[in-house]
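Order of listing sets the numbers, starting from 1, for every ligand and every atom in it. All residue numbers refer to positions in the sequence shown, counting from 1.
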Amino acid sequence: MRDNTSQKKTNANKLDAVIEVTGQTIYRARIFNPVSRSEFEDIEDGAIEVDEKGKISKIAKFSEFKDKKAKIIDYRGKIIMPGLIDCHVHLPQYDMVAMDGYELLNWLNEYTFPAERRFESPKLAKDAASRFFHALKANGTTTAAVYNTVHKNATDIAFEEAEKSGLRVFMGKVMMDQNSPDFLQEKTEESLLESEELCKKWHGRDNGRINYAFTPRFAPTCSEKLMEGVADLAKKYNAYIQTHLSENRSELSWVKELFPQSKNYTDVYYNAGILTQKTIMAHSIWVNPSELKLLAQTSTKVAHCASSNFFLKSGIFDLNSTLDAGVDVGLGSDVGGGPNLSLFREMSNACNMSKTRYIQENGSTKNLDSIGAFYLATKGGAKVLSLDKVIGDLTPGKEADFIVVDATLVDPQNGAKNKSGKEILSQLVYRADDRVVFAAYVRGKNIYSVLQNMKN
Ligand code: GUN
Ligand code: ZN
């Protein structure tokens with residue numbers, strides 16, 4: 001494996017300054033633009049034009065821009081693609097990623113809860129949040145749905161850092177009022193009140209770049225009263241809801257014990273009123289067809305977290321059945337259940353998990369390929385966040401959230417041999433990580449570049 005830093009330095013030297021752009025700008029590069037799970041647009045010498053409001057005004061071959069009197073940023077040799085969307089990630093777990101040895105419930109007790117406890121400290125909360133958002137950008141993630149801890153202050157601090165970062169963020173204070181360690185367990189009313197206060201303060205900030213997501217952790221640690229309160233608040237503020245569903249078999253048995261009157265795990269959330277079109281369920285591995293139907297009927301979204309599902313030995317997600325049921329699916333790193341923030345790694349693991357199903361099903365099904373994974377990490381994620389009219393691809397009229405990547409860094413031939421766009425995308429999906437990310441933009445604003453990173 002090549003040394004990441006030195007490679008990035010070599011490339012960074014090709015640009016002489018961090019790019020500060022105002023006004024209409026044309027970005028010249030190869031363009032990879034997702035269309036569907038089986039198709040993407042590839043414009044070899046292409047460009048996107050971004051207007052002064054940060055919206056894409058044109059995407060075409062560069063030759064079609066030649067008469068324009070706009071500023072041109074030359075990214076030739078690199079690829080522009082939509083910013084990646086992480087539909088499920090835990091900020092406080094970034095410092096404890098990749099701690100192997102447990103399945104979900106023991107892992108929560110051994111690693112997660114003690115790590116989250118440390119967010120009592122505002123100093124630690126600020127430092128961790130600032131490193132986390134920086135790392136998201138360095139990985140090419142421009143939008144993320146983030147869980148914080150139960151601490152109101154730490155969550156408030158994380159929102160401040162999110163606002164500064166320039167990223168598009170959906171986030172909330174974790175809520176848990178039962179079956180939790182005493183150092184994290186909340187009182188129901190307090191949890192609802194603190195969450196409401198954070199929602200009032202942050203939901204919709206910067207014209208909707210920052211959003212509040214009510215975050216009841218998962219059914220075992222949430223009373224019905226708490227979840228019903230979440231349903232009311234999310235409705236009142238038109239805010240998001242995020243939680244975990246049907247991830248691990250021991251978790252499933254526990255939910256059955258705790259909620260004997262519910263038909264199944266999904267039904268617990270349905271009865272509480274938290275299945276909405278702005279609800280994101282992480283995992284949803286062990287759901288039956290009637291649960292999938294319920295998710296589809298309520299337009300509830302699913303964040304598929306393959307890396308985490310492998311790492312915590314949770315199960316093999318059935319992507320085909322979920323999509324066939326009409327449920328929108330995006331990808332989530334689920335750090336620290338997942339060991340890596342990179343959505344490129346997530347794409348490759350989603351493909352491999354789907355191939356595992358293909359093998360189990362004797363080749364009778366269609367597996368996710370790199371084009372499909374690219375779609376899920378971009379347009380799929382935008383749908384999950386109800387933002388598909390705003391971001392997810394590079395269509396004119398959408399906000400200019402995009403990344404610039406150097407695919408030659410994951411090509412053993414260093415770009416010397418001509419590969420098709422499909423082959424380059426395949427190498428990116430299966431081999432890329434933060435090494436390839438050269439710059440990131442949200443609403444046309446440069447929020448990350450390798451050069452800037454080297455100065456820090
Ligand atoms: N279920 C409840 N809490 C968590 C968590 O922090 N991570 C994962 N992967 N699953 C959970
Ligand atoms: Zn999670």
Side-chain angles (χ1 to χ4, degrees), residues 86-119 128 132 144-151 154-155 170-181 184-186 191 213-223 226-227 230 240-255 258 265-266 268-269 274 279-287 301-315 317 330-341 343 346 349 353 384:
D86 191 338
C87 296
H88 182 78
V89 58
H90 298 256
L91 182 159
Q93 296 175 16
Y94 187 43
D95 286 351
M96 45 136 293
V97 284
M99 296 299 154
D100 199 5
Y102 295 101
E103 287 195 23
L104 175 67
L105 299 178
N106 290 330
W107 172 82
L108 285 172
N109 285 321
E110 293 300 323
Y111 283 113
T112 314
F113 294 147
E116 296 193 4
R117 181 183 199 170
R118 292 197 274 278
F119 281 68
F132 173 80
V146 182
Y147 286 49
N148 216 277
T149 60
V150 291
H151 307 100
T155 309
F170 298 72
M171 185 159 63
K173 184 192 98 58
V174 159
M175 307 167 85
M176 41 209 281
D177 68 343
Q178 64 177 26
N179 300 319
S180 311
L184 292 178
Q185 187 160 311
E186 307 172 279
S191 180
F214 288 94
T215 310
R217 178 166 220 126
F218 67 156
T221 61
C222 299
S223 67
L226 185 78
M227 292 190 278
V230 164
Y240 290 78
I241 300 172
Q242 52 183 355
T243 186
H244 298 87
L245 169 66
S246 216
E247 174 180 6
N248 168 287
R249 278 176 289 190
S250 306
E251 170 203 14
L252 232 64
S253 313
W254 196 18
V255 170
L258 290 169
Y265 199 161
T266 307
V268 173
Y269 291 141
I274 64 171
T279 301
I280 307 161
M281 291 291 166
H283 310 297
S284 312
I285 300 170
W286 300 100
V287 288
K301 312 298 196 271
V302 165
H304 169 36
C305 309
S307 310
S308 165
N309 300 161
F310 278 131
F311 186 74
L312 293 174
K313 300 179 281 186
S314 301
F317 178 68
L331 301 184
S333 68
D334 194 25
V335 155
N340 206 290
L341 272 183
L343 258 284
E346 204 49 53
N349 274 322
M353 184 161 281
V384 163

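Around the Zn ion (ligand 2), the protein atoms of type N, O or S that sit closer than 2.8 Å are His88 NE2, His90 NE2, His244 NE2, Asp334 OD1.
Side-chain atoms of Asp86 come within 3.5 Å of backbone atoms of Ser333 as a donor-acceptor pair (strictly under, hydrogens ignored).
Atom CE in Met176 sits 10.0 Å away from atom OG in Ser191 (nearest 0.5 Å). Here the CG atom belonging to Leu184 is positioned 10.0 Å from the OG1 atom belonging to Thr221, to the nearest 0.5 angstrom.
When each of Val150, Thr149, Val146, Thr112 is checked for a side chain to side chain contact (heavy atoms under 4.5 Å, CB included) with Pro92, only Thr149 meets the rule.
Nearest protein heavy-atom neighbour of atom 6 (O) of ligand 1: Arg217 NH2, 2.7 Å. At the top of the distance list for atom 9 (N) of ligand 1, counting protein heavy atoms only, stands Asp334 OD2, 2.7 Å.
Of the polar atoms of Thr112, none of the N or O atoms is found under 3.5 Å from an N or O of ligand 1, judged by distance alone. The N/O atoms of Glu247, backbone and side chain alike, include one that comes under 3.5 Å of an N/O atom in ligand 1.
Ring geometry for His244 against Phe218 counts as perpendicular: the plane angle is over 60°, on a 0 to 90° scale with 30° as the lower cut.
By the criterion of a heavy-atom distance under 4.0 Å, the side chain of Trp107, and not its backbone, is placed next to ligand 1. At a 4.0 Å heavy-atom cut-off, ligand 1 touches Leu104 through the side chain alone. Proximity of Glu251 to ligand 1, defined as any heavy-atom pair under 4.0 Å, is not found for any part of the residue.
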Audit row: Phe317, His304, ring pair (Phe, Tyr, Trp, His ring centres under 6.0 Å) steps and yes/no: CA-CA 8 Å; Phe317 178 68; His304 169 36; 4.2 Å; yes

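The two atoms that bring Ser314 and Glu247 nearest to each other are CB-O, 3.1 Å, heavy atoms only.
Contact atoms of ligand 1 toward His283: 9 (N) (distance under 4.0 Å to a heavy atom of the residue).
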